[in-house]
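Values below: every heavy atom of this structure, side chains too, minus hydrogens, waters and symmetry copies. Just so it is clear: chains get the letters A, B, ... in the order the sequence lines come, proteins before strands, and each one is counted from 1.
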Number of protein chains: 2
Amino acid sequence: MVQIPKPPAPEPPAPRSVPTSADVARLAGVSRATVSYVLNNTSAVRISEPTRRRVHDAARELGYVPHAAARSLRAGHSRTVLMPAPSFPAGPLYSRFLDELMGALGRLEYTVVQYGSVGLRGDEAARAWAELRPVAVLVPGSGPGPQGVEILKRAGARAVVTLGHEAVDGAHALLMDHAIVGHSAVRHLHDRGRRRIGVVVPVEDGLKVFSAPRLAGARRAVRDTDATVTELPLAYDERAAARLAARWDSLGLDAVFAYNDEYAMLLMRALQDEGVRVPADTAVIGADDLMLGRLLRPRLSTVHLELPSGRDLAALVDRAVHDPGAAPERHEVLGAAVVHRESS
Amino acid sequence: MVQIPKPPAPEPPAPRSVPTSADVARLAGVSRATVSYVLNNTSAVRISEPTRRRVHDAARELGYVPHAAARSLRAGHSRTVLMPAPSFPAGPLYSRFLDELMGALGRLEYTVVQYGSVGLRGDEAARAWAELRPVAVLVPGSGPGPQGVEILKRAGARAVVTLGHEAVDGAHALLMDHAIVGHSAVRHLHDRGRRRIGVVVPVEDGLKVFSAPRLAGARRAVRDTDATVTELPLAYDERAAARLAARWDSLGLDAVFAYNDEYAMLLMRALQDEGVRVPADTAVIGADDLMLGRLLRPRLSTVHLELPSGRDLAALVDRAVHDPGAAPERHEVLGAAVVHRESS
DNA sequence: TTGAAAGCGGTACCAT
DNA sequence: ATGGTACCGCTTTCAA
């Protein structure tokens with residue numbers, strides 16, 4: 001086979017490497033220091049207007065973008081707020097909260113980085129996060145242990161904030177005790193005269209962090225009363241709901257807190273298909289106050305959750321960063337209010 | 001007022017600064033080089049077992065965590081895949097896709113970073129991303145212009161992948177043309193004998209990127225037929241739906257593609273409350289194939305969307321990173337299949 | 001087997 | 001008004 005000789009490339013595509021401030025300096029005919037001064041508008045130093053222009057032009061021509069790693073290495077700190085991606089499916093509520101939070105932190109000049117920590121658990125995860133030397137770490141759900149917090153602080157994190165059901169030593173905590181949700185729902189049912197109350201507990205693993213406290217709260221609501229709470233495991237699946245509905249009579253329940261609005265819709269449909277009248281035979285209440293509850297017939301009673309505002313959390317982070325020595329703050333931030341509609 | 005003299009702190013809390021590899025070296029009685037060798041298991045160099053132990057012990061004792069910025073600065077590259085946070089409300093479908101993607105990239109040893117780009121537009125955003133020197137950038141929704149792509153590549157990004165409705169020069173594209181959704185839905189309605197077809201268009205701004213192509217696809221589906229498509233602006237709000245339903249008769253429609261399942265539920269409820277029979281008077285079809293559609297009565301027909309698998313996208317990224325010279329790939333990845341239930 | 005030293009890309013002090 | 005230079009923390013030749 002004849003080897004076709006490659007013609008000499010007219011212009012070797014020159015794998016133009018990434019331009020640095022030195023390149024800018026060279027092109028502008030100034031020193032690296034001057035480049036830095038100009039591009040950062042350093043106020044302590046006055047640079048003549050012609051020089052400024054030459055530097056800016058050179059930077060633009062080369063498409064120069066500063067290297068964040070180099071900068072923060074030299075500076076000894078960054079304004080990165082690290083947030084591990086949550087380990088549970090984020091509902092619309094939580095998504096909106098995150099967006100708000102990111103926006104608020106962005107406005108405070110922090111760079112929010114959601115870190116996809118896959119398969120790392122406990123301290124390993126904390127170490128991985130620590131490598132990025134974030135100025136603050138915001139952990140949703142079940143966070144790192146106290147050890148993890150210590151690792152992060154040793155790595156220069158000036159604030160660690162957990163966002164979930166339990167506080168961790170050394171970290172600020174925004175506590176969201178979902179027990180209050182179950183408690184509100186079941187107390188409402190009790191107030192409406194119901195006594196044999198079912199509580200749906202999703203079998204999905206990721207939801208345990210929410211479902212367990214909601215159930216516990218439900219239990220607490222009937223303690224010292226004549227009412228009972230029955231745990232009802234349920235998969236988010238039509239057939240599972242149908243099976244549960246099929247044995248509904250045998251359960252002898254007159255009310256059910258369905259974990260949230262989506263499960264409530266699922267269960268209510270199955271019950272109605274089975275001939276159970278809502279709310280006459282069985283009262284139903286959900287949680288999260290989603291739009292869909294308003295669209296069901298009967299309209300779904302629900303527990304409206306009030307999450308902390310993203311701005312407030314951002315403010316807490318900022319405060320903590322400015323004063324890392326302060327004692328960890330602990331706030332109960334989950335509000336719950338029953339929205340009574342027709343299903344209960 | 002008497003000034004209380006501060007007692008000399010018994011042990012000044014010693015703002016223990018972040019330990020570096022030099023600290024580890026000092027404590028272990030070796031050089032920094034040796035520390036690096038040991039902690040990275042450098043195979044090209046053999047370190048005696050006792051030394052290894054001393055280094056590991058020292059590192060543990062100090063709580064040493066390497067500095068990612070310093071490392072990647074020295075290495076000249078990172079394995080960071082940057083993904084700007086999407087600018088539209090992420091539904092359950094999209095969230096699951098993102099999770100899958102993050103997992104898959106994580107398994108390929110990439111560090112996925114979701115960057116909260118707030119208020120930056122166009123090239124500004126691209127520059128902000130470029131500062132992090134990501135090895136690849138994954139842009140959902142309407143991405144950067146060709147200039148933005150150029151900026152990122154100049155900054156060393158070996159792959160830029162857009163994930164949305166249009167391709168960008170120089171970047172790989174996973175095209176998701178939502179026209180196919182509207183087209184499938186409306187063709188189905190047409191096939192079922194409907195001729196005066198309404199198409200719901202959410203008024204919410206963030207949804208334009210999806211609603212516009214869906215409407216366009218719907219229009220295309222009736223081109224050259226005797227059927228008509230009528231645009232129906234609608235807010236995600238009960239009252240808006242009721243108003244629309246109130247003038248339903250005057251619209252003279254016999255079918256409606258309701259943008260997605262949630263809008264479909266909203267509209268269907270309003271129609272039914274108004275006495276419009278579904279599907280007898282008006283057929284309804286949604287999109288996204290959410291669980292809720294199965295729970296409505298009549299059961300909601302819908303368009304099932306098939307998104308690319310996270311693994312496939314991760315593989316594309318990995319391929320592109322290994323061969324940055326390759327021509328940009330362009331894939332149409334949005335599948336749509338009508339799921340016919342009872343509402344149409 | 002281990003150590004000394006250069007250098008990655010910026011910033012900021014100190015001269016000039 | 002500008003330039004020289006040390007240094008941030010880490011990796012990696014090269015020598016010993």
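Neither OP1 nor OP2 of C:dG3 sits under 4.0 Å from any side-chain N or O of B:R32. Under 4.0 angstrom from either OP1 or OP2 of D:dT11 there lies at least one side-chain N or O belonging to B:S36. Proximity of A:T34 to the phosphate of D:dG3: a side-chain N or O atom is located under 4.0 Å from OP1 or OP2. For the OP1/OP2 pair of D:dC10 and a distance below 4.0 Å, the side-chain nitrogens and oxygens of B:Y64 include at least one atom meeting the criterion. For C:dT2, the OP1/OP2 oxygens have a side-chain nitrogen or oxygen of B:S48 closer than 4.0 Å. Remark: A:T20 is not in phosphate contact with C:dG9, judged by side-chain N or O atoms under 4.0 Å from OP1 or OP2.
The environment of B:R52 atom CZ is dense: over 12 non-hydrogen atoms of other residues, nucleotides or ligands sit within 6.0 angstrom. Surrounding CZ of B:R330 are more than 12 heavy atoms belonging to other residues, nucleotides or ligands, all under 6.0 Å away. Other residues, nucleotides and ligands contribute over 12 non-hydrogen atoms within 6.0 Å of the CZ atom of A:R158.
In this structure, the nucleotide among C:dC8, D:dC10, C:dG3 sitting nearest to the side chain of B:S31 is C:dG3. Here the side chain of B:V30 is nearest to one of C:dG9, C:dG3, D:dG3, namely C:dG3. Checked against D:dA6, D:dG3, D:dT11, the side chain of B:N40 finds its nearest nucleotide in D:dT11. Comparing C:dG10, D:dC14, D:dG4 by their closest approach to the side chain of B:Y37 singles out D:dC14. Taking the side chain of A:A70 as heavy atoms from C-beta on, and the options D:dT12, C:dG10, D:dG3, the nearest nucleotide is C:dG10. Listed candidates were C:dG3, D:dT2, C:dG10. Nearest to the side chain of A:T51 is D:dT2. Listed nucleotides: D:dG9, C:dG9, C:dC13. Nearest to the side chain of A:H67: C:dG9. Side-chain proximity of A:R74 to the nucleotides C:dT11, C:dT2, D:dT11 is greatest for C:dT11. Across C:dG10, D:dG3, D:dT11, the shortest atom-to-atom separation from the side chain of A:R71 is found for C:dG10. Of the candidates C:dG10, D:dC10, D:dC8, the closest approach to any side-chain atom of A:S21 belongs to C:dG10.
Using a 4.0 Å heavy-atom cutoff across all strands shown, A:V24 reaches no nucleic acid atom at all. Here B:V35 lies out of heavy-atom contact (under 4.0 Å) with every strand. Residue B:R52 is classed as having no contact, given no heavy-atom separation below 4.0 Å to the nucleic acid.
In this entry the distance linking CG of A:L62 with P of C:dG10 reads 12 Å, nearest Å. Following rounding to the nearest Å, A:R46 (CZ) and D:dG3 (P) show an atom-to-atom distance of 17 Å. When rounded to the nearest whole Å, the span between CG of A:L39 and C1' of C:dA12 equals 15 Å. If you take CG of A:L73 and P of C:dG7, they are 17 Å apart, rounded to a whole angstrom. Look at CZ on A:R26: it is 15 Å from C1' on D:dG3, rounded to the nearest Å. Across the protein-nucleic acid pair, B:D23 atom CG and D:dC8 atom P stand 11 Å apart, rounded to whole Å. Atom pair B:R54:CZ and C:dT1:C1' shows a separation of 12 Å (rounding to whole Å applied).
By the 4.5 Å heavy-atom criterion applied to side chains, A:M176 and A:L307 are counted as neighbours. Put simply, the side chain of B:L316 reaches to within 4.5 Å of the side chain of B:R319, judged on heavy atoms.
Between the side chain of B:K153 and the backbone N or O of B:G148 there is no donor-acceptor pair closer than 3.5 Å.
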